[in-house]
There are 2 protein chains.
Amino acid sequence: MATIKDVARAAGVAPSTVSYVLSGSRKISAETRTAVQAAVEELGYHPNAGARSLRSTRTGVLALALPLSGRGYLPVGGRFMYGLSEAAGRHGYLVLLVTPPGQDDTGAGLERAARGRFADAAVLMGVEMADPRVAAMRELEFPVALMGHPDDEASAPWTDLDWEESVVAAVRALREAGHRRVLYLGTVEEDVGARRTYSVRGIRGAERSAAESGTAVDVCHSSDDPAELYRRLDSRFDSDAPPTALAVQHPPAIPGILRHLAARGIEVPRDVSLVAVGNFPEDLGGLDVTRIELPVERMSAAVTRLAVEAAAHAGDPGPSGDGGRAPNTLIPPHLIRGATVAPAP
Amino acid sequence: MATIKDVARAAGVAPSTVSYVLSGSRKISAETRTAVQAAVEELGYHPNAGARSLRSTRTGVLALALPLSGRGYLPVGGRFMYGLSEAAGRHGYLVLLVTPPGQDDTGAGLERAARGRFADAAVLMGVEMADPRVAAMRELEFPVALMGHPDDEASAPWTDLDWEESVVAAVRALREAGHRRVLYLGTVEEDVGARRTYSVRGIRGAERSAAESGTAVDVCHSSDDPAELYRRLDSRFDSDAPPTALAVQHPPAIPGILRHLAARGIEVPRDVSLVAVGNFPEDLGGLDVTRIELPVERMSAAVTRLAVEAAAHAGDPGPSGDGGRAPNTLIPPHLIRGATVAPAP
DNA sequence: CTGAAAGCGCTTACAG
DNA sequence: CTGAAAGCGCTTACAG
């Protein structure tokens, strides 16, 4: 593999000059620059990542800390991994996946990535309200950006869909259609138990909706086990005052829910209305559901920018001054009207 | 951040001794080893990744080359990214995501990762029958392992579900239930056009099924656009000899297909039977579909092992001897009987 | 406008 | 059983 010396020799200059041409951090004569660029092209030269990071203390890599879900896999990941990888690429960064090893949720993999200088900053997914990884990385003075909206908004730069407002908007749409008994089917209980920010904020939205609008909003957690989920739904629909509408923050379950309800003779939206909260386009299997979609591209771009900025300012004065806080991004919900909301019976 | 010198000082030994303790490549007295380990623990020492890779030419990183889908995103990715990251972790490797930048499909990001020594080997996803990335990496003598089964089986180590046998098995199950007119709904046409291995081999399976069993197997490509997909289905169901069964190699579309057919008054399995080929558990939204699931864990583990081995043997004699070829893994299909196959009418 | 030199933090022959 | 020393390929003050 070609080294900077090979390029220098081919271009008839010193290695340091090659480096300066590549970094653009010094004025170079057009002649020299052209010769160097030709040699780089000719030899297919790419700087050795290890040497570069050793010398400059910058790796050009962002660590992506995936959540440990208990269930092993958060389907939320795939889309975001793509989005982040692309956004990172636009900033000249590559993305390193860091999965939590087995039990430990403080992120041994993340710590290795941070201490071993595998990356310049980390993006944390599946953020919890008081996420231990934030404290751990702060301890190491390792920059992070959060995909999630923790209770302590100043603990780290973050971005998120406004889940609380999303559920409020979903309930409002249902109320405007005349619904007075809404079942809020939230995230799976494992996520609630872990106090993931989207779970907790979704529930807060449901509670606020009830308080503000006088709509009865029953809060029910979802389950990854369809049978268990349908049991919970059945218990609501078998009650004296069954819901006339659903707000569902567990979108991948929706096709199965529609099927289950249909098997009970309950048609959407004839008998019950439904709004999806925070779905991916593919979650709904091509069904035209009234929904608030997850703005993956926007969230990915935002959190990547925060991580890149945090990396750039690593080693700066620190969080002393009250001014200059990171520009966190809370993305407002956007309701897309599909075919699953009808006037209340 | 602590360096090897800090550890050496704390343990009262030479830096080289610390290195030997960590690598285990030299006999060390119990006393010395204990002292070093204590110092490592005490200081929270992790070797600097850049320095280590510069010196040893091993990065401990596997590049994961994601496919450019044209459509931007292959939902297949998320599961595999998790599976690969975990499998890699078990081998002591981290995973670096490499997304193809914009147009170029030969993998400029991959080339940068290879030439810049960001990784020791690459795993290629979304492999095409004659994948240009394989040739490009061979040119660089950069080790690869393929998630896919290319025409030239000796071009690189690979692993895959046996898609051809999977479709054959699906059609056989339908034939055994008495079905004589089967519609094979394959992958989306973009994947067929790109000659992705699973697309081409699925079609081969459909064709072989027809030839061998005397079953009429109509080959139809799927579409990411549900409306277009339903149009294609409708044209088949409106024909003189409509299919009595479907074999669907585009599982995320299945919930929508069931819904669409139901809207036409076609119930599964009462009026038409269905087998899913190569689905993720979550693709089916909790529906009890007769299916051949994608063995993600097994495929991830297998391809990771191949990549790790390829990395270990990088720089070996080369593909000269005919013996010692990589142990490719073609995983046979396993049919799970659900509730969507009934006897033909 | 360009070059010579130091040094980032490791690993691994070489030496004893 | 352990240590001193060279050197991986870069970047960046220092010098002219």
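Labels below follow one simple rule: chain letters A, B, ... track the order of the sequence lines, proteins then strands, and each chain is numbered from 1.
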With the side chain counted from C-beta on, respond yes when A:Arg117 and A:Thr57 share a heavy-atom pair under 4.5 Å apart, and no when they do not.
no
Any side-chain heavy-atom pair of B:Val134 and B:Pro150 under 4.5 Å:
no
Candidates [options] - which lies nearest the side chain of [X]:
{"X": "B:Leu54", "options": "C:dG9, D:dT2, C:dC10", "value": "C:dG9"}
{"X": "A:Val13", "options": "C:dC10, D:dC10, C:dG3", "value": "C:dG3"}
{"X": "A:Ile4", "options": "D:dC10, C:dA4, D:dA4", "value": "D:dC10"}
{"X": "A:Thr32", "options": "C:dC1, D:dG9, C:dT2", "value": "C:dT2"}
{"X": "B:Ser19", "options": "D:dG3, D:dC10, C:dT11", "value": "C:dT11"}

Check against side-chain contact (heavy atoms from CB on, under 4.5 Å), B:Arg79 and B:Ser300:
CA-CA 9 Å; B:Arg79 276 265 171 190; B:Ser300 300; over 6 Å; no
Is there a donor N/O on one and an acceptor N/O on the other, under 3.5 Å, for the side chain of [X] and the base of [N]?
{"X": "B:Tyr20", "N": "D:dA4", "answer": "no"}
{"X": "A:Arg26", "N": "C:dG3", "answer": "yes"}
{"X": "A:Ser16", "N": "C:dA5", "answer": "no"}

Keeping [X] on the side-chain end and [Y] on the backbone end, is there a donor-acceptor pair under 3.5 Å?
{"X": "B:Arg58", "Y": "B:Ala311", "answer": "yes"}
{"X": "A:Ser53", "Y": "A:Thr59", "answer": "no"}
{"X": "B:Arg33", "Y": "B:Ile28", "answer": "yes"}
{"X": "B:Arg195", "Y": "B:Glu128", "answer": "no"}

When the nearest nucleotide of DNA chain D is assigned to B:Pro15 and to A:Val18 on a heavy-atom basis, which residue is associated with the more 5' position?
B:Pro15
For A:Arg55 and B:Gly12, take the nucleotide of DNA chain D holding the closest heavy atom to each; which residue's nucleotide lies nearer the 5' end?
B:Gly12
For atom [atom1] of [X] and atom [atom2] of [N], their distance in whole Å:
{"X": "B:Ile28", "N": "D:dG3", "atom1": "CD1", "atom2": "C1'", "value": "11 Å"}
{"X": "B:Leu22", "N": "C:dG9", "atom1": "CG", "atom2": "P", "value": "16 Å"}
{"X": "B:Lys5", "N": "C:dC10", "atom1": "NZ", "atom2": "C1'", "value": "11 Å"}
{"X": "B:Arg9", "N": "C:dG9", "atom1": "CZ", "atom2": "P", "value": "12 Å"}
{"X": "B:Asn48", "N": "C:dG7", "atom1": "CG", "atom2": "P", "value": "18 Å"}
{"X": "B:His46", "N": "C:dG9", "atom1": "NE2", "atom2": "C1'", "value": "16 Å"}
{"X": "A:Lys27", "N": "C:dG3", "atom1": "NZ", "atom2": "P", "value": "18 Å"}
{"X": "A:Arg117", "N": "D:dT11", "atom1": "CZ", "atom2": "C1'", "value": "17 Å"}

Tell me, which stems hold DNA chain C, with a stem being 3 or more Watson-Crick or G-U pairs in a row and both distances under 3.5 Å?
C:1-3 with D:14-16, C:5-12 with D:5-12, C:14-16 with D:1-3
Would you tell me if any nitrogen or oxygen in the side chain of A:Thr17 comes within less than 4.0 Å of OP1 or OP2 on C:dG3?
yes
Apply the test side-chain contact (heavy atoms from CB on, under 4.5 Å) to residues B:Arg133 and B:Val144: give CA-CA distance (whole Å), side-chain angles for both, the deciding distance (0.1 Å), then the verdict.
CA-CA 9 Å; B:Arg133 297 173 296 180; B:Val144 297; over 6 Å; no
Base, sugar-phosphate alone, or nothing: which one does A:Ala51 contact when heavy atoms must sit under 4.0 Å apart?
base
